[in-house]
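Order of appearance sets the numbers: ligands from 1, and atoms from 1 within every ligand.
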Amino acid sequence: MKERVDGTTPPDSNSLRLSSVKKTAAGIPAAVSSLNHGIRKMGLTKTVRTLLMVNQKDGFDCPGCAWPDPEHRTSFEFCENGAKAVADEAMKAKVNTEFFKKYSISDLLNKSDYWLNSQGRISRPMILRTDSKHYEPIEWVEAFDLISDSIKSMDTAKRGVYYTSGRTSNEAAFLYQALVRALGSNNLPDCSNMCHESSGKALSQTIGIGKGTVHLEDFNHSDLILVIGQNPGTNHPRMLTALRDAKKNGAKIISINPLPETGLQRFKHPQDYMKADLQSMQLADLYVPVRIGGDAALLKGIMKELLISDSIDQTFIDSKTTGFQVFKESLTAFSWDEIERDSGISRSVIKTVADMCEQSNATIACWAMGLTQHRNGVSVIQEVVNLLLMGGHIGRPGAGVCPVRGHSNVQGDRTVGIWEAPSEAFLSKLEEGLEFSMPRDHGYDVVHSIHAMDEDKVDVFVSMGGNFLSATPDTRKTASALQKVGLTVQISTKLNRSHLITGKTALILPVLGRTELDIQESGEQFVTVENSMGVVHRSKGNMKPVSKMLMSEVSLVSQLGIRLCPEVLSWERFSNDYDHIRDLMASSLNGFEDYNKRVREANGFLLPNPPRDNCTFNTESGKALFTVHELPDVNVKQGRYVLMTIRSHDQYNTTIYGLHDRYRGVHGNRRIVFMNALDMSEMGLKTRDVVHMTSHFRNTRRQSNDWIVVAYEIPRGNLAAYFPEANELVPLDSTANISNTPTSKWIEVSLSTSEESVSEEE
Ligand SMILES: Nc1nc2c(c(=O)[nH]1)N[C@H]1C(S)=C(S)[C@@H](COP(=O)(O)OP(=O)(O)OC[C@H]3O[C@@H](n4cnc5c(=O)[nH]c(N)nc54)[C@H](O)[C@@H]3O)O[C@H]1N2
Ligand SMILES: Nc1nc2c(c(=O)[nH]1)N[C@H]1C(S)=C(S)[C@@H](COP(=O)(O)OP(=O)(O)OC[C@H]3O[C@@H](n4cnc5c(=O)[nH]c(N)nc54)[C@H](O)[C@@H]3O)O[C@H]1N2
Ligand SMILES: [Mo]
């Protein structure tokens, strides 16, 4: 068998089955699918017991996504995909000493991501010694000593890189950033760099806060909801309930997306079956099939129409904003021809959208990766802000911006300091509480970290959760960079490819998951998280840990603190009782006063949000800012296509739960490329033909072979393939301006049916 040291996912050997594209989301199939996943992975009793605790006031926060919980909860506050996330964490701990004895690293490299994840939870700390072919067991104490010795022997603190994935609790993340800063660097890259970084950057510049401005309740008071570049039916299924309720209250919904995603067509709440209500509800009133990357042109078109009909809120513009005049004049430079061509949307449809905007007194704009992972990720989101500001739709009930976050605590992690580029104000507040001085130099984000590894500038890489190898772009390049690091440490729950492509020495440190009981010296602990709408609340697991050898993330960080910088904080005390961490957070973070008390309230508490709270803006001028942007160049060379990488219905980022992309009707195989039927016939292709893809960026190329073509309703010239398989094609340096987010939704590719060997240079 060929060894895969390049880190790419081996091709699926399973055969492909195609069924019709689903017209209705959720409903009975979703309820059946959630129970199936649960029962198969953890048995019936545990399934019922666990699912009843999801998102309850005294239960745990669903590890699925960051969508908020309603104030009045039913006993079933989970969705199909949340149930899969919970069942996946509750699997037996079979990745143990015997497992690693049986499988060598090269055996495991030939297994699919689906297989790796389905082996169960990791049961104990393991080490892969230099030049060894197998992981071996290691005691916790030895593992901590190895990490601290490696960190202490670095020439400078900058040679350590500390990544975080967004599931880490506020308490663990806060201690982790304190440790890294005490060591002397801000090298705190996180998954956010690949996710909503563009949203954070776009919003802080224009409205003075890098977060959304709506609350769940706003959906019930909204007239119009725009869902742009987001697939909630799969990635935020509980959002469909909010959209359904909004519709019942009279809201209109517009979906702007190159794909007609099922969740936004018709929706049936699984619980309605119990009420014998068999009607499904049409969600989107209008579907706008924008071309990939065409949103900026579309938004300019909508705003031009609004100016023509003079549908603007002049009072709001005069009192709350700045820059309107220049912005208004800038729109005249864009012709209708250009707008229609770049967006792929006709002026009459644009006019319809503009009319719906005009008729709305309260508009919410939601978006996710379809906007952020583009070269113009920051500026296209600022166009969304422009659109809302024109009508005064920020800081008014039922209106505002709603970047829909991914990982369940990605927003909280940033709030408590997981940030490679912290502001001066943030650092000085931290210094007040933590009482040691913070490094000022900005650290590496994700892409910079990969470059630093590649340039032999990194000795130690620690990953608090996540799957750095498979989540990042340019898999082969990242794999080779990671292999230059001295020690890589993966703090994980499940096996993934980052455990197989490692530094010279590698550790796997297994931790408790969200669903598990966390008992420390002072008794049972809870942790806290922040959802997508700025609500901070408790999360407490109730399941017996799957192995006695797991540690909590908080204790793990404390153990490193004890060894590396015992003088700065009383680490031991923190891990004995998490209340002590929260007391420290209260004095080190703005908005966290009385943290222990407020977070114990039934629904938690809301962090301050000036635009939402009183329509004020923490910008230099004290006003919200209209911004002016060029249109991005959306042309590609003759014969090339634009590829976006997307999630299937049966995965959580790089964790593959199964092989059914049920809504899109694709089963059994993930190495699929969705293509417009006219483009296929032009190339002489039919469904199930195999093609090879080459991506082109500046003067570089990347090659990925053996993709099965599937005809799909997608704009001409556009393609879609699944993440993480297609990450081999994402160029490392193709990133968004300002946010440096990899452009995972804009990859220029060519297709061929013959397997040529392609050099890396053009
Ligand atoms: N079950 C499940 N839930 C999840 C996740 C998961 O993997 N599985 N991941 C979590 C995470 S970390 C995140 S960030 C979120 C991700 O949630 P999403 O952002 O919904 O996830 P993607 O699959 O990346 O989908 C992007 C959507 O944008 C569209 N799109 C792509 N390019 C463009 C464009 O140029 N313009 C427009 N208008 N649309 C475009 C695609 O067709 C697709 O519908 O979900 C979170 N929740
Ligand atoms: N091409 C392409 N690339 C992308 C994207 C895309 O759309 N296209 N999306 C990007 C986005 S939005 C994101 S957020 C990133 C995601 O990047 P990551 O967050 O790095 O990746 P995940 O797949 O979510 O990480 C899964 C691993 O986390 C570990 N884990 C799970 N739960 C816990 C826990 O409670 N504690 C600890 N310590 N570990 C845990 C498990 O071991 C599991 O294998 O990927 C990005 N990459
Ligand atoms: Mo994400």
Go through the steps to decide whether Y114 and Y657 satisfy the test ring-ring contact (aromatic ring centres under 6.0 Å, His included), and finish with yes or no. CA-CA 6 Å; Y114 171 56; Y657 299 137; 9.6 Å; no
Check against side-chain contact (heavy atoms from CB on, under 4.5 Å), E171 and T528: CA-CA 7 Å; E171 286 75 3; T528 58; 2.7 Å; yes
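Between H407 and Y652, a ring centre-to-centre spacing shorter than 6.0 Å is recorded. The distance between the ring centers of F461 and F468 falls below 6.0 angstrom.
The atoms of ligand 2 that sit less than 4.0 Å from any heavy atom of E553 are 34 (C), 36 (N), 37 (C), 38 (N). When each atom of ligand 2 is checked for a heavy atom of V511 under 4.0 Å away, the hits are 36 (N), 37 (C), 38 (N). Taking a cut-off of under 4.0 Å to the non-hydrogen atoms of G465, the atoms of ligand 2 that pass are 37 (C), 38 (N), 39 (N). Residue contact check: I491 has heavy atoms under 4.0 Å from atoms 37 (C), 38 (N), 39 (N) of ligand 2. Using a 4.0 Å cut-off to heavy atoms of Y163, the atoms of ligand 2 that qualify are 17 (O), 18 (P), 19 (O), 20 (O).
No side-chain donor-acceptor contact under 3.5 Å links T654 and S470. In summary, the side chains of S552 and Y578 do present a donor paired with an acceptor at a separation below 3.5 Å, with no hydrogens or angles considered.
Considering backbone and side-chain atoms together, N467 places an N or O closer than 3.5 Å to an N or O of ligand 2. Residue-to-ligand polar distances place N496 within reach of ligand 2: an N/O pair is separated by less than 3.5 Å.
Of the residues V527, L175, N409, the one that meets the side-chain contact (heavy atoms from CB on, under 4.5 Å) test with N170 is N409.
Protein residues lining ligand 1, listed by chain and number: C65, N81, C195, I228, G229, Q230, N231, T234, N235, H236, I256, N257, P258, L259, E261, V290, I292, G293, D295, A368, M369, G370, H374, G406, H407, M644, I646, R647, Q651, Y652, N653, K745 [non-hydrogen atoms, distance under 4.0 Å].
Legend: salt bridge (charged side-chain N to carboxylate O under 4.0 Å, His left out) pairs involving residues 407-416, not counting sequence neighbours, sorted by first then second residue: D190-R414, E197-R414.
A salt bridge links E728 with R476; the closest basic N to acidic carboxylate O contact falls under 4.0 Å.
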